[in-house]
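Note: hydrogens, waters and symmetry copies are ignored here, and every other heavy atom, side chains too, is used. Below, chain A is the first sequence line, B the second, and so on; all start at residue 1.
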Amino acid sequence: MANVRIRSLTKRFGGKTPTTAIDDLDLAIEEGEFLVLLGPSGCGKTTTLRCIAGLETAEEGAISFGERAVFDASRSINVPPNKRNIGMVFQSYALWPHMTVRKNIGYPLRTRRVKRDQAAQWIDDVAALVDTTPLLDRYPAQLSGGQQQRIALARGLVARPELVLFDEPLSNLDARLRDQVRTEIHELHGRLGFTAVYVTHDQVEALALGDRLAIMRSGALEQLAPPDVIFEEPATEYVAGFIGMGNRLVFERHDGAWWLDGERVDGDLDGIAAGSTTVVARTRPEDLDLLEPGRDGAGPGALAFPVTVLDAAFGGRHLDVAVTTGTTRLLGRIDAGERGGWPRTLERERHAVATVKPRDLAFYDGDDRLVSGVGRAVGAGV
Amino acid sequence: MATQAAPRPAALPWLRLDRLLTRLGLIAFICAIGYLTIVPLIRLQYLALKNGAHSYSDAYTRTGWWQTVRWTVELGLGSLAIALVVGTGLAWAAHSLPPRLSLLRVIPILPIVIPAVSSVLGWAFLLSPHPGYLNQLLRLLPWWHGFDGPFDIYTVPWIIIITGLALASFIYLFVSSGFENINGELIEAAQVGGSSRAGVFFRVVLPLLRPSLVYGAGVALLLGLGQFTAPLLLGRSRIISVLTTDMFFATQQIPPDYGLAAAIGSPLLVFGIFILFMNRVLLGDNTRFITHGGKGGFRQSAPGSKSAAAVIVLYGLLSTVLPILALVFVSLSRFWTGDVHFNRLTLGTWRTVTTQSGVMPAIWNSVWLSLAAVAITLPVGFIAATLLRKRREHRIAAPVLDFIVAMPLSIPAVIFGVGFLMTYTARPLVLYGTRWVLILVYVTLMIPFSTRMQLGAMAALGDAYTEASRASGAGPLRTNFQIVMPLLRPAFGGAAALMFVLLTHEFAASLLVRAPTINVMGTILYDYYENGIYPLVACISLIMVGVTTAGVVAAMVLGGGSDAFKRL
């Protein structure tokens, strides 16, 4: 098994609008680690993966697997993909339609000249592992999407490669299958212990699978950390926004009080933003609650401010409510309560009080640096 | 990990050598194709410009030169106008067919399949002023009298009409294959938005197709200007000449004047290169082959129209059925007098056709020279298409290759014929008088088709299959042999069959480069036509149709079906 080192990797695309897909990227992936590259489309995550695979050639930088340099622009080393000993799972599955499932899975073994009976054994093993033994003699076109993706997975793993690369493998599956195959990938990694690089734009997938997540933005790393750290302490507002902290609140201090977009805020932020007059906070819709005006119910230390309802949508156990205060638009996911209860009466133009606990907020200073993450006691973060 | 990757001294020189060999191979490949497609043209120009370009001054000061140019332009523009109207109309009609008549969509493609010589001769038998069968029929009508007419096929308007009807097939292909690439939801959106079917066609579909329609019109104009068969066969008796026939006669005079022929052809050469260049600039690389996403194609939403079917059937009747019927009739007559006596029909000509001098060798030559050319062109096209796919890797080589590969498509075959005649009667390669010169000319003419069709198929295949193979540890060779080629097998079949069809048709270039002892179907047909042995000419025409049809059936069986023709 190998670790992967990426040093100063830069990849540009020419054409009518030249773009820098990867911008001086440094990244180290440890042996046996499951690293997830996460970011919106166009952030360079897939290009990075393809450079690791050798399917794209970067202009500058170096990539090594363990002791072996597979790419080094300064030394003109560029090992072709077939000599890199990798496995790869594609978004479109890329199962060759003219080969049976058995031949598809066995292909990496044939290219590696594995002996016939041993290859047959390995194919059976990996098919059993992904639960597709009955499908071995069918053609890909006869399989469902989920089955195809399992075969693609088996093909990526069968030759026991040093490194397995996943290029958004679940994005063509429907929601239920996606959860199922995701769990299977997690289990397989736990059992086989391969080194993995996994590209996705889905934060749920990333949080569930990754030992560490690399959040990318414009071809560079925005944050590299374990999923719980990313979840609780997103390093920048960009990361916070990407992993679900969609609500952005700009608090200002003047006249001896804290204000949010012209509305006075009940509660105290001094413990977090002592000495500064402006602080930006990010929070998830789940952590924003709404109260009937005049009712008390905000927890101790919670911040409270008046809002106007824009829209409320019923979601079963919860309600998704869009509210506004000044020009700030916020989303809250609140408990739907019982039929006839106050939350169910929410509709456009209704007034309410929004509350949020400071420990559910991530705070950023004027330079987009994290001041205090989620889950910290107030005052402990500075 | 702070340690650097261990130095691997062996890797470096080996990789460099590998890259050097690849590059040399690439250059050799481009040079070989360039030798076929460019060198004949350069030699022609060299000859025309020799001795102070006197060939040019000769050509452009001859009496009748401007008349020839005028007829050429009339033929080009006139046939283009007819082709645009008829071709678009046919595409519209094909789109409005009732579902159970959807097989009729094949009819507008038939004129591409029927050899041009055959249909032109068929029309000559129909509309010759006195003996033409159709003319005789029309003279039975009360308002037409006299010994001749009412129509005269041997005139410029009729040459234009016949050429236009044939070119309509190309426009039809461009427009109707464009339909299939349009995302069906775009069309449904227009219908939901309140457009009638005609409204959708003219307001949404045609504007969407504008780039490919402009390109299609450019190609049709080139074909019209470079048209050889109809002006040669029909224009001869009234001394109507266009640039291509003028070139041909310059090579047939004694002694042949190749410099003059080259000078005469130059306007076509310049215009061809201009269209090629404009196409590259306007349309970019191979975007027109990429199938668009979404739910593809038109779906029938309104009941089809019967008049649409009638339009298509009428076109089929005029462009295909009538000429072939005329050929059949003449082939069953003793002489072509125009008399219609059903009781005097005879199979005599058919019985003796195999024993007529040169007929069997010509058929045999047509078949095996075409097969040989296909066998060479298919792998050449595969390599060219593979290189063109990797445009990003070959920043200089790919555009150069693209250009030289496309040359034969935009330059009339007559020019290539003269160029080949020149090039291979002189050193270093003296091949005139052998079958090789025909094979080489056929390979040259087919390179663009082979490359384009395979490139289209590769683009449709996408990169994921090959990337998955490379990531699974397969090198480029194994990837090509085990993944790409099996997946492209239908495209190979379709391309091979199409090229076979086009080559067994081939007339213009064959007529120029043949040696007196080596004939193909088209040239022997011309010889017997010149000698006025019409029943035999009709027989050979029909045999050409038969051979071609066999090729088309092969195309349908080998996969691709009529799609094979749409890849053009």
Peer 1: At what distance, to the nearest 0.5 angstrom, does CG of B:Leu461 lie from CH2 of A:Trp96?
Peer 2: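 Answer rounded to 0.5 Å: 12.0 Å.
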Peer 1: Could you state the interatomic distance from CG (B:Asp463) to CG (A:Leu55), rounded to the nearest 0.5 Å?
Peer 2: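 With rounding to 0.5 Å, CG (B:Asp463) is 9.0 Å from CG (A:Leu55).
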Peer 1: Could you report the tightest heavy-atom contact between B:Ile483 and A:Tyr107, atom names first, then the distance?
Peer 2: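 Smallest interatomic distance, heavy atoms only, reads CG1-OH, 3.6 Å.
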Peer 1: Between B:Ala468, B:Gly475, B:Ala471, which has the largest tally of heavy atom pairs under 4.5 Å with chain A?
Peer 2: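 So the answer, after comparing B:Ala468, B:Gly475, B:Ala471, is B:Ala468.
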Peer 1: Under 4.5 Å heavy-atom distance to chain B, tell me which part of A:Phe13 shows up: side chain, backbone, both or neither.
Peer 2: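 Answer is side chain: those atoms of A:Phe13 sit under 4.5 Å from chain B.
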Peer 1: Which pair of heavy atoms, one from B:Leu487 and one from A:Pro97, lies closest together, and at what distance?
Peer 2: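 Scanning both residues completely, I find the closest heavy atoms to be CD2-CG, 3.4 Å.
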Peer 1: If I take atom OG from residue B:Ser472 and atom CG from residue A:Leu109, how far apart are they, to the nearest 0.5 angstrom?
Peer 2: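 It comes to 9.5 Å.
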Peer 1: With a 4.5 angstrom heavy-atom cut-off, which part of A:Arg112 approaches chain B: side chain, backbone, both or neither?
Peer 2: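 Contact with chain B: side chain only.
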Peer 1: Using non-hydrogen atoms only, which part of A:Leu165 is less than 4.5 Å away from chain B: side chain, backbone, both, or neither?
Peer 2: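 For A:Leu165, neither part sits under 4.5 Å from chain B.
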Peer 1: Sequence neighbours left out, what passes ring-ring contact (aromatic ring centres under 6.0 Å, His included) with A:His201? Give chain and number order.
Peer 2: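 With sequence neighbours excluded, A:His201 shows a ring-ring contact (aromatic ring centres under 6.0 Å, His included) to no residue whatsoever.
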Peer 1: Hey, which of A:His98, A:Arg110, A:Lys103 is the one that makes side chain to side chain contact (heavy atoms under 4.5 Å, CB included) with B:Gln482?
Peer 2: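 Only one of A:His98, A:Arg110, A:Lys103 forms a side chain to side chain contact (heavy atoms under 4.5 Å, CB included) with B:Gln482, namely A:Arg110.
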Peer 1: Crowded around B:Ile396 CD1? As in, over 12 foreign heavy atoms under 6.0 Å?
Peer 2: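 Incorrect, the count does not exceed 12.
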Peer 1: Kindly write out the residues that satisfy ring-ring contact (aromatic ring centres under 6.0 Å, His included) with A:Phe90, not counting sequence neighbours, or none if the list is empty.
Peer 2: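 None.
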